[in-house]
Amino acid sequence: MAHTLSVGASSESSKPIRLDSDAIMRARIELAACFQLAAQRGFEEGVCNHFSAVVPGHDDLFFVNPYGYAFAEMTASRLLVCDFEGHVIDGVGKPEATAFFIHARLHRSKPRLKAAFHTHMPNATALCLLEGPPLLWLGQTALKFYGRTAVDEHYNGLALDTSEGDRIASAMGDADVLFLKNHGVMVGGASIAEAWDDLYYLERAAEVQLKAMASNRPLKPIPHEVAQHAYEQMRLSDAESARAHLDSALRILRNQGNRFEE
């Protein structure tokens, strides 16, 4: 199900790139923590899913996981740094090919998205397998995403070239969450914390929606005016709440003795 990247193995820059700033190290640690958190919650699928984040201070470089490692194996030092041409600037290994073509093209065309998480997590992906709109406005958790989602109706197979990466980026538009029909989801954020927060709550919203649908009882939608109002209330503290959510998760991982910071 996975293909290794072959468009560019490594790059020897004529000008050394500093990758040891405090901001870069913090981003490494936070992204590695997100892999560990996703693994604990069953969000990953084998070694095939991928998270990325723009390297602080380097808008043309991004972190991504190397091919062949499960999310539970990811640590700060294991992350790769790649450029948009497919060269590995720092780290050992190569990204999985679809990881490169999706994330490089997304970060290139959507500079507002500093982090992008692609998973086949079971509940949100199940919604991608249904005809019609994936996420319904039925519960408060779902309203976090009101007006923030897009749907890609055209599954084209694996993203193994720049044109498919560009097509997915175009389908995302101004949304923060893209439901890829017959495939999975892409969640983007202005920070790693915000991307993690959205990924977590998206799966929670999908889970309770599927439970409600399985009851075979009529679903009770929330009127537009109320849904919009609730979303605007949440938006006021979203970034702050996301930061607190990830900080809490970092503390829990450390208390568990998780070695994500190595």
Side-chain angles (χ1 to χ4, degrees), residues 19 22-56 61-82 90-91 93 95-96 98-100 102-104 106-107 110 112-125 144-145 176-178 184-207 238-262:
L19 296 172
D22 289 345
I24 289 174
M25 294 308 300
R26 184 165 58 251
R28 278 187 179 273
I29 289 169
E30 290 185 357
L31 188 57
C34 290
F35 282 107
Q36 296 291 337
L37 295 166
Q40 290 182 357
R41 289 158 177 77
F43 290 0
E44 86 285 18
E45 187 166 68
V47 296
C48 297
N49 291 172
H50 20 86
F51 292 175
S52 65
V54 174
V55 177
L61 302 177
F62 64 99
F63 294 115
V64 70
N65 44 314
Y67 172 69
Y69 291 93
F71 278 15
E73 297 181 278
M74 291 308 303
T75 62
S77 62
R78 189 161 275 165
L79 290 168
L80 302 177
V81 175
C82 294
D90 185 66
E96 195 267 337
T98 64
F100 170 73
I102 292 174
H103 292 265
L106 188 67
H107 287 304
K110 310 287 183 188
R112 66 183 178 85
L113 299 178
K114 300 305 183 185
F117 294 177
H118 172 60
T119 75
H120 301 167
M121 53 189 186
N123 294 293
T125 300
K144 175 178 171 62
F145 304 102
D176 298 317
V177 174
L178 177 64
V185 294
M186 175 66 77
V187 175
S191 67
I192 292 171
E194 289 169 82
W196 167 252
D197 194 58
D198 278 351
L199 191 79
Y200 172 86
Y201 284 110
L202 181 66
E203 182 68 351
R204 293 286 292 180
E207 181 181 9
D238 249 6
E240 180 183 355
S241 177
R243 183 69 262 167
H245 185 189
L246 185 55
D247 285 346
S248 172
L250 289 168
R251 290 192 298 271
I252 292 170
L253 287 174
R254 288 170 181 138
N255 289 338
Q256 291 171 345
N258 192 294
R259 300 167 67 178
F260 68 99
E261 294 176 280
E262 294 182 353

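Side-chain atoms are counted along with the backbone in the values below, which use heavy atoms only and exclude waters and symmetry mates.
Cys82 has its side chain within reach of Pro95: a pair of non-hydrogen atoms, C-beta onward, lies under 4.5 Å apart. Looking only at side-chain heavy atoms (C-beta outward), Phe51 and Leu31 come within less than 4.5 Å of each other. With contacts defined as side-chain heavy-atom distances shorter than 4.5 Å, the pair Phe63/Arg28 qualifies. Asn258 places a side-chain heavy atom less than 4.5 Å from the side chain of Gln40.
Ring centroid separation for the pair Phe35 and Phe260 does not come in under the 6.0 Å cut-off.
For Asp197 and His245, the side-chain atoms include at least one donor-acceptor pair closer than 3.5 Å. Thr98 and His50 form a side-chain donor-acceptor contact under 3.5 Å, judged by distance and modelled atom types alone.
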Check the pair Phe71 / Phe43 against side chain to side chain contact (heavy atoms under 4.5 Å, CB included), numbers first and verdict last. CA-CA 9 Å; Phe71 278 15; Phe43 290 0; 5.5 Å; no
Taking it one step at a time, do Glu96 and Cys48 satisfy side chain to side chain contact (heavy atoms under 4.5 Å, CB included)? CA-CA 8 Å; Glu96 195 267 337; Cys48 297; 6.0 Å; no
Please assess Phe62 against Phe100 for the test side chain to side chain contact (heavy atoms under 4.5 Å, CB included), listing each intermediate value before the final yes or no. CA-CA 10 Å; Phe62 64 99; Phe100 170 73; 4.1 Å; yes
Go through it in stages, so that I can follow the logic: the residues are Val177 and Met186, the test is side chain to side chain contact (heavy atoms under 4.5 Å, CB included), and I'd like the CA-CA distance, side-chain angles, deciding distance and then a yes or no. CA-CA 6 Å; Val177 174; Met186 175 66 77; over 6 Å; no
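Between atom CZ of residue Phe117 and atom CG of residue Asp198 there is a gap of 10.0 Å, rounded to the nearest 0.5 Å. Distance check, rounded to the nearest 0.5 Å: CG of Asn65 to CD of Glu44 gives 11.0 Å. Note: Arg41 CZ to Gln36 CD = 11.0 Å, rounded to the nearest 0.5 Å. Distance check: Leu246 CG to Ser241 OG gives 11.5 Å after rounding to the nearest 0.5 Å. A distance of 12.5 Å separates CD1 of Ile29 from CD1 of Ile24, quoted to the nearest 0.5 Å. Atom CE of Met74 sits about 11.5 Å away from atom SG of Cys34, to the nearest 0.5 Å.
Heavy-atom neighbours of Arg78 CZ from other residues, nucleotides or ligands within 6.0 Å: above the threshold of 12. The 12-atom threshold is exceeded at CZ of Arg254, counting heavy atoms of other residues, nucleotides or ligands nearer than 6.0 Å.
Nearest approach of Ala76 to Ala32, heavy atoms of both residues: N-CB, 3.4 Å. Contact between Ala27 and Ile192 at its shortest, heavy atoms only, is O-CD1, 3.5 Å. The two residues Ser191 and Ala115 come nearest to each other via the heavy atoms O-CB, 3.8 Å. Shown here for Ser52 and His107, the closest heavy-atom pair between the two residues is OG-NE2, 2.7 Å. The nearest pair of heavy atoms linking Ala116 to Leu106 is CB-CD2, 3.6 Å. Of all heavy-atom pairs spanning Ala99 and Val64, the tightest one is CB-CG2, 4.2 Å.
The aromatic rings of Trp196 and Tyr200 are tilted relative to each other, their planes meeting at an angle between 30° and 60°.
A salt bridge is defined here as a Lys NZ or Arg NE, NH1 or NH2 lying under 4.0 Å from an Asp or Glu carboxylate O, and Asp176 with Arg112 meets this definition. Between Arg251 and Asp247 there is no salt bridge, since no side-chain nitrogen of the basic residue lies less than 4.0 Å from a carboxylate oxygen of the acidic one. In this structure, Arg243 pairs ionically with Glu30, as a charged nitrogen and a carboxylate oxygen lie closer than 4.0 Å.
For Ala124, the side chain to side chain contact (heavy atoms under 4.5 Å, CB included) partners at least two apart in sequence or on another chain are Met121, Val185, Leu202, Glu203, Ala206.
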